[in-house]
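These numbers were taken from a predicted model, which means no experiment stands behind them. Hydrogens, waters and symmetry mates play no part in the numbers below; they use all other heavy atoms, side chains included.
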Amino acid sequence: MSEDAGLALPRRLRLPLGVAAGAGVLVVLLLGVLHAGESSASGVDAWVESVVGAPTGVRHEVALMVDFGGEPVGAAILVAVLAGMCLALRRFRLAILTVACLVPAFATTPLKDVFDRTINGDHLSYPSGHTAFATAIGIVFGLLVVDVFRVAGRAALAVVTGTALLGGAEMAWAQTSLDAHYATDTLGGFATAFVLVPVLAVAIDAVSARIRPGGGTPV
């Protein structure tokens, strides 16, 4: 059995995702400082708005469906489904990490108060909690794929990064299309997930190792 079996975060991914977490901190802070107190789109945000435009017809319905995944009920459904998959595959730590995906979304709330960026009146917008949650779910799904299919080397990092980008990008599109967030809000949410998920995974592994020292079925 691989030494990474049962871990929420494989040892081979701890360094690259640790670097990503450090970079994420810088991104969150830099974008937050640059856009603190703003209440309108400019620069990159204005350009993205002009490119994305307001969705109509089927695109609007799809955007609403994606957005629902970041709402309380939708998020609960996604967590239940992914956690259920992890439990069925006996990846218990990843099941716990799936529930912990709510943490990045919650963490954006105090950050919104700090940076005080608003959209559509007085709605605080930076960073995007919806995008943070979707990205976090993408990271955990990628970790599950890597563990189940024993993906090794650079391919493992590519899988996790790819699923995170997929989850974050589709939510970012929905949020900017629906005029719920600026593009840089979604980038801040994406970075928030990459800051917190690796930390939460390592914490889960550390606590689980203390609960079941010396081997046995990993918790």
Side-chain angles (χ1 to χ4, degrees), residues 8-9 13-38 41-49 51-52 66-67 69-70 75 78-79 82 97-119 123-143 146 156-178 180-204:
L9 185 63
L13 290 178
R14 289 185 179 180
L15 178 58
L17 290 186
V19 172
V25 171
L26 295 178
V27 170
V28 171
L29 293 178
L30 179 60
L31 289 177
V33 170
L34 286 175
H35 297 287
E38 289 185 351
S42 61
V44 172
D45 292 314
W47 177 78
V48 171
E49 283 189 5
V51 171
V52 173
V66 175
D67 175 72
L78 288 176
V79 166
L82 183 54
L97 184 60
T98 301
V99 177
C101 283
L102 296 169
V103 173
F106 290 139
T108 63
T109 299
L111 290 173
K112 285 182 171 72
D113 291 327
V114 170
F115 295 116
D116 194 34
R117 190 186 198 189
T118 57
I119 192 170
H123 296 285
L124 295 172
S125 67
Y126 181 86
S128 166
H130 280 61
T131 309
F133 172 73
T135 305
I137 286 289
I139 294 172
V140 178
F141 181 72
L143 291 172
V146 165
L157 181 60
V159 168
V160 174
T161 303
T163 53
L165 283 170
L166 181 61
E170 64 177 353
M171 185 60 77
W173 167 77
Q175 296 306 298
T176 53
S177 294
L178 296 171
H181 283 283
Y182 305 112
T184 46
D185 294 339
T186 65
L187 182 56
F190 182 84
T192 300
F194 264 97
V195 171
L196 292 176
V197 173
V199 173
L200 292 166
V202 170
I204 289 168

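With sequence neighbours left out, Leu187 forms a side-chain contact (heavy atoms from CB on, under 4.5 Å) with Val27, Leu31. The side-chain contact (heavy atoms from CB on, under 4.5 Å) check on Ala201 picks up Ala8, Leu9, Leu97, with sequence neighbours excluded. With sequence neighbours left out, the side-chain contact (heavy atoms from CB on, under 4.5 Å) criterion links Val66 to Val62, Glu170, Met171, Ala174. With sequence neighbours excluded, the residues that form a side-chain contact (heavy atoms from CB on, under 4.5 Å) with Leu29 are Val25, Phe115. Remark: Asp45 engages Arg117 in a salt bridge (Lys or Arg N to Asp or Glu O under 4.0 Å) (not counting sequence neighbours).
A donor-acceptor contact shorter than 3.5 Å links the side chain of Thr186 to the backbone of Ala183.
When side chains are defined from C-beta on, Leu78 does not count as touching Thr98, because their heavy atoms never get closer than 4.5 Å. Put simply, the side chain of His181 does not reach to within 4.5 Å of the side chain of Thr131, judged on heavy atoms. Proximity of Leu26 to Leu30: side-chain heavy atoms (C-beta onward) are nowhere separated by under 4.5 Å. Contact annotation: the side chain of Tyr126 never approaches that of Val114 to less than 4.5 Å [non-hydrogen atoms, C-beta and beyond]. Between Leu34 and Thr184 there is no side-chain heavy-atom pair separated by less than 4.5 Å. Between Val44 and Tyr182, every side-chain heavy-atom pair lies at or beyond the 4.5 Å cut-off.
Note on residues 16-30: no pairs pass side-chain hydrogen bond (donor to acceptor under 3.5 Å, both in side chains), not counting sequence neighbours.
When all heavy atoms are compared, the tightest approach of Phe133 to Cys101 is CD1-O, 3.6 Å.
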